[in-house]
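Counting convention: from 1, in listed order, for ligands and their atoms alike. FYI, side chains are in, hydrogens and waters are out, and symmetry mates aren't considered; it's all heavy atoms of this structure.
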Amino acid sequence: MKITYYGHSCFAIEVKDKTLLFDPFITPNELAKSIDIKSIKADYIFISHGHEDHIADAISIALNTKALVVANWEIHTWLNNKGISNTHPMNIGGNKTFDFGKIKLTNAVHSSGLPDGSYGGNPMGFIIETTEGNLYYSGDTALHLDMKLISEWTTLNWAILPIGDNFTMGVDDAINASTFIKCDNIIGVHYDTFPYIAIDKKQAVDKFLKSGKKLVLMNIGETIDL
Ligand code: NI
Ligand code: MN
């Protein structure tokens, strides 16, 4: 399994010859100017919630790639109305097996309005279970006790958590989340994109280390094996 980071909370997972793209927000991201969205491959696009910084490039990448877009009911309907018909609606608590593995949708404590003011349903996180490993991407969220349920459902190899504070968990709560989900390998996202969420990266990595955990902060465009 591989992960490629495209900045902010956008990343792609390659598993079983399939590419799963999450929360595409690239062209408006000043830090991700090196990424050409036309070069991005995707078989699936997963949208955690309706905010601009998670959906900005979803329509253009869906058109380029013909990927199946998986999102909550409200975002699925919104995309259908925008001409994107290859969508699959899910909602929190639901499981669905695809050709790469199984997705389960989790609670996220956040909001989800769409860029044009449409109602975006509830924000969500994703558990991705595959024969090459199990991941949790929390989406934008506060720390919440429901995270403790995740280790009853699966054993995680990696988790992708926001660490930028202000709109989501910050570093200290992400460390607590790591304990709640019983996964010490964390990839940090949702930081430094805007002044509101600027962080001290070295301090963040050191705090995780002091807690006996690993925080990986990827370069934009970088790919690593998980
Ligand atoms: Ni958000
Ligand atoms: Mn966000």
Just wondering, more than 12 heavy atoms not from [X] lying within 6.0 Å of its [atom1]?
{"X": "K33", "atom1": "NZ", "result": "yes"}
{"X": "W73", "atom1": "CH2", "result": "no"}
{"X": "D17", "atom1": "CG", "result": "no"}

(request) Go through the steps for F100 and F98 under the test ring pair (Phe, Tyr, Trp, His ring centres under 6.0 Å), then give the verdict. (result) CA-CA 6 Å; F100 60 83; F98 296 95; 5.6 Å; yes
query: Can you tell me if an N/O/S atom from D140 lies under 2.8 Å from the Ni ion (ligand 1)?
result: yes
Q.
Taking backbone and side chain together, does H110 place any N/O/S atom at a distance below 2.8 Å from the Ni ion (ligand 1)?
A. yes
- N, O or S of H8 under 2.8 Å from the Mn ion (ligand 2): no
So, is D53 placed with an N/O/S atom under 2.8 Å from the Mn ion (ligand 2), counting both backbone and side chain?
yes
D140 OD2 to H190 NE2 via the Mn ion (ligand 2), rounded to 10°, gives 90°
Vertex the Ni ion (ligand 1), ends H49/NE2 and H51/ND1: angle to nearest 10° comes to 90°
Cationic tip of K213 within the cone over F208's six-membered ring, i.e. under 6.0 Å and within 45° of the normal?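 No - K213 does not lie over the ring of F208 by the 6.0 Å and 45° rule.
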